[in-house]
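Both ligands and their constituent atoms are indexed starting at 1 by order of listing.
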Amino acid sequence: MGIVSSGFMGRRKREVPGLPPGQYVTEGFPVLSAGPTPKIDRDEWVFTFTSDNGNSRHWNWNGFMSLPQEDIDVDLHCVTSWSKLGTHWRGVPVDALFKHVETEAEFALFHCYGGYTTNLPLRDVLGGKAWIAHQFDGEDLAPEHGGPARLLVPHLYLWKSAKWVQGIELIPEDRPGFWESRGYHLHGDPWREERYG
Ligand SMILES: Nc1nc2c(c(=O)[nH]1)N[C@H]1C(S)=C(S)[C@@H](COP(=O)(O)O)O[C@H]1N2
Ligand SMILES: [Mo]
């Protein structure tokens with residue numbers, strides 16, 4: 001039991017509901033990319049699921065669009081401190097890619113057109129927590145924001161939401177991706193300020 005409630009803490013920043021510590025709200029939608037925007041046509045786009053036993057499965061755009069689709073209303077939190085509240089997306093829940101998949105793996109590495117990668121525990125992408133998103137605000141996802149399709153993991157810092165996503169690889173042990181091997185946290189929970197490793 002706390003003796004001093006937050007009301008007695010004196011001057012503090014006005015708290016915005018839904019805003020993790022150290023974040024500010026932006027109305028814009030900044031673009032943050034470590035390299036040039038790859039140009040991928042939907043009729044050349046292929047998403048690959050590679051299991052830890054080496055088996056792989058592919059979806060072309062039509063196959064991907066015939067998977068279950070969901071509308072997603074979420075807040076975004078970037079490690080550079082901006083948050084964008086109340087964003088609207090449409091995409092395929094990552095759960096749908098795991099139908100008929102049996103695995104002992106507990107981690108995944110997501111791969112992107114252009115070479116970016118990010119690692120995630122499966123418990124952070126299954127159970128309705130992550131999507132492969134292809135629409136933003138009712139429009140096809142713009143190339144600079146990851147179109148044709150990006151991973152969306154809104155409960156973690158936005159570097160985990162890999163743009164131009166190309167595939168998921170199941171891995172037996174956690175392995176750092178692009179930013180994680182350059183000092184970012186392996187996990188990236190904004191509510192615990194898991195910014196740097
Ligand atoms: N493929 C790829 N995905 C990426 C990045 C990248 O450089 N390449 N940058 C990440 C980072 S650091 C952030 S903050 C978000 C930014 O998404 P946005 O440009 O749509 O705002 O994309 C993430 N996904
Ligand atoms: Mo970022």
Side-chain angles (χ1 to χ4, degrees), residues 18-42 44-50 61 64 71-92 94 97 107-121 124-125 129-169 171 175-197:
L19 195 64
Q23 297 292 111
Y24 68 87
V25 175
T26 183
E27 298 300 326
F29 194 173
V31 172
L32 286 103
S33 306
T37 295
K39 174 96 193 77
I40 312 116
D41 283 341
R42 290 181 165 193
E44 289 166 11
W45 184 91
V46 177
F47 186 91
T48 299
F49 187 118
T50 308
W61 189 260
F64 172 71
D71 291 305
I72 309 136
D73 288 339
V74 288
D75 301 335
L76 309 179
H77 309 295
C78 176
V79 71
T80 61
S81 297
W82 58 267
S83 290
K84 184 171 176 58
L85 305 183
T87 62
H88 307 291
W89 304 78
R90 187 169 175 78
V92 173
V94 171
L97 305 173
F107 297 94
L109 197 61
F110 284 81
H111 296 265
C112 300
Y113 291 94
Y116 186 87
T117 55
T118 191
N119 58 306
L120 285 146
D124 280 292
V125 294
K129 289 182 174 168
W131 296 265
I132 310 290
H134 56 83
Q135 280 187 13
F136 175 78
D137 254 354
E139 309 272 349
D140 287 347
L141 182 58
E144 64 269 27
H145 286 299
R150 82 182 293 171
L151 182 63
L152 181 63
V153 195
H155 72 287
L156 299 178
Y157 283 123
L158 200 57
W159 87 78
K160 295 288 184 182
S161 293
K163 303 196 282 189
W164 317 296
V165 69
Q166 184 177 34
I168 174 174
E169 177 193 359
I171 50 178
R175 194 196 319 158
F178 180 86
W179 280 122
E180 295 84 4
S181 59
R182 289 165 175 80
Y184 281 23
H185 198 281
L186 276 179
H187 184 231
D189 180 348
W191 294 97
R192 302 165 79 172
E193 288 205 71
E194 293 172 345
R195 297 175 189 271
Y196 309 104

* **Point-to-point distance, once rounded to the nearest 0.5 Å, from CG of L85 to CG of L19** => 6.0 Å

* Measure the shortest side-chain to side-chain distance between F107 and N119 over non-hydrogen atoms and say whether it is less than 4.5 angstrom. => no

* Asked: Starting from atom 21 (O) of ligand 1, which protein heavy atom do you reach first, and at what distance in Å?
  -> P30 O, 2.6 Å

* For ligand 1, which atoms sit closer than 4.0 Å to a heavy atom of A162? -> 3 (N), 24 (N)

* Nearest to atom 24 (N) of ligand 1, what protein heavy atom do you find, and at what distance? -> S161 O, 3.2 Å

* Select one of side chain, backbone, both or neither to describe which atoms of W159 lie under 4.0 Å from any atom of ligand 1, heavy atoms only. => both

* To do: May I ask whether K160 has any heavy atom positioned less than 4.0 angstrom from an atom of ligand 1?
  => no

* R150 vs W89 side-chain heavy atoms within contact, under 4.5 Å -> yes

* Structure fact -> Closest heavy-atom pair, S83 versus P20, reported as atoms and distance to 0.1 Å, is OG-CD, 4.2 Å

* To do: On the 0 to 90° scale, with breaks at 30° and 60°, tag the F29-H145 ring pair as parallel, tilted or perpendicular.
  => parallel

* Asked: What do you reckon, are the aromatic ring centroids of Y184 and Y157 less than 6.0 Å apart?
  -> no

* Under 4.0 Å to a heavy atom of W164 - the qualifying atoms of ligand 1, by number -> 1 (N), 2 (C), 8 (N)

* Asked: Where does W82 meet ligand 1, judged by heavy-atom distances below 4.0 Å: at the side chain, the backbone, both, or neither?
  -> side chain

* Taking C-beta and beyond as the side chain, do L32 and L158 meet within less than 4.5 Å on heavy atoms? -> no

* Distance from atom 16 (C) of ligand 1 to nearest protein heavy atom, with residue and atom -> L32 O, 3.6 Å

* Asked: Quick one: does ligand 1 sit under 4.0 Å from the side chain of F178, the backbone, both or neither, non-hydrogen atoms only?
  -> neither

* Could you tell me the residue and atom name of the protein heavy atom closest to atom 17 (O) of ligand 1, and the distance to it rounded to 0.1 Å? => R150 NH2, 3.1 Å

* **Where L141 and A133 come nearest, the two heavy atoms and their spacing** => CD2-O, 3.7 Å

* Please indicate whether any nitrogen or oxygen in A34 is less than 3.5 Å from any nitrogen or oxygen in ligand 1. => yes

* Protein residue, atom and distance nearest to atom 19 (O) of ligand 1, heavy-atom basis -> K163 NZ, 2.6 Å

* Pick one of side chain, backbone, both or neither for how W179 approaches ligand 1, counting any non-hydrogen atom pair under 4.0 Å. => side chain

* Asked: Considering only protein heavy atoms, which is closest to atom 10 (C) of ligand 1, and at what distance to one decimal place?
  -> Y116 OH, 3.5 Å

* All side chain to side chain donor-acceptor pair (under 3.5 Å) counterparts of W179, not counting sequence neighbours -> none

* To do: Do me a favour and list the nearest non-hydrogen protein atom to atom 23 (C) of ligand 1 with residue, atom name and distance?
  => L158 O, 3.4 Å

* **Shortest non-hydrogen separation from A149 to W61 and the atoms involved** => CB-CZ3, 4.2 Å

* To do: Show which atoms of ligand 1 fall inside a sub-4.0 Å distance from at least one heavy-atom site of S33.
  => 7 (O)

* If every non-hydrogen atom of L156 is compared with every non-hydrogen atom of P190, which pair is closest and at what distance? -> CA-CD, 3.7 Å

* **Lys/Arg-Asp/Glu bridge criterion (N-O < 4.0 Å) met for D124, K160** => no

* Contact check, C78 vs ligand 1, heavy-atom distance below 4.0 Å -> yes

* Quick one: which ligand 1 atoms are inside 4.0 Å of a heavy atom on C112? -> 1 (N)

* Asked: Should H145 be counted as touching ligand 1, given the test is an N or O pair under 3.5 Å?
  -> yes

